[in-house]
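Inspection log for the structure reproduced underneath, given as structure tokens.
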Amino acid sequence: MIMDIIKSVFKNFQTFLVVWAVVLIANQLLIFSGCMKSYCILAALPHTGIISMLIVHFIINEKKD
């Protein structure tokens, strides 16, 4: 399962980056109260990356079905 997610992200890397940017900005605005300082963004990178990976994987798999 995890390898399938990673493979789908690498196949659709450009889509992943766009989704990650949108999720990161939404996260900063909603959870971190609009903090755009470097330490706030660094704190948000890991969990927004994982969320974006899951979004891309399930959107791509839904389109294939």
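Below, each value reflects all heavy atoms present in this structure, side chains not excepted, and no hydrogens, waters or symmetry copies. By convention here, the first residue in the shown sequence is residue 1.
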Kindly compute the distance separating [atom1] ([X]) from [atom2] ([Y]), expressed to the nearest 0.5 Å.
X     : Y     : atom1 : atom2 : value
Leu54 : Ser8  : CG    : OG    : 9.0 Å
Cys40 : Ile31 : SG    : CD1   : 12.0 Å
Ile41 : Ile25 : CD1   : CD1   : 8.5 Å
Ile2  : His57 : CD1   : NE2   : 11.0 Å

Hydrophobic clustering (ILVMFWY, side-chain heavy atoms < 4.5 Å, transitive) - are [Y] and [X] grouped together?
X     : Y     : answer
Leu45 : Val56 : yes
Ile59 : Val19 : yes
Phe58 : Phe10 : yes
Leu30 : Leu24 : no

Residues 19-44 vs side-chain hydrogen bond (donor to acceptor under 3.5 Å, both in side chains), sequence neighbours excluded, gives Trp20-Thr48, Asn27-His47
side-chain contact (heavy atoms from CB on, under 4.5 Å) filter on Phe13, not counting sequence neighbours, yields Phe16, Leu17
In short, Ile51 meets Val23 closest at the heavy-atom pair CG2-CG1, 4.2 Å
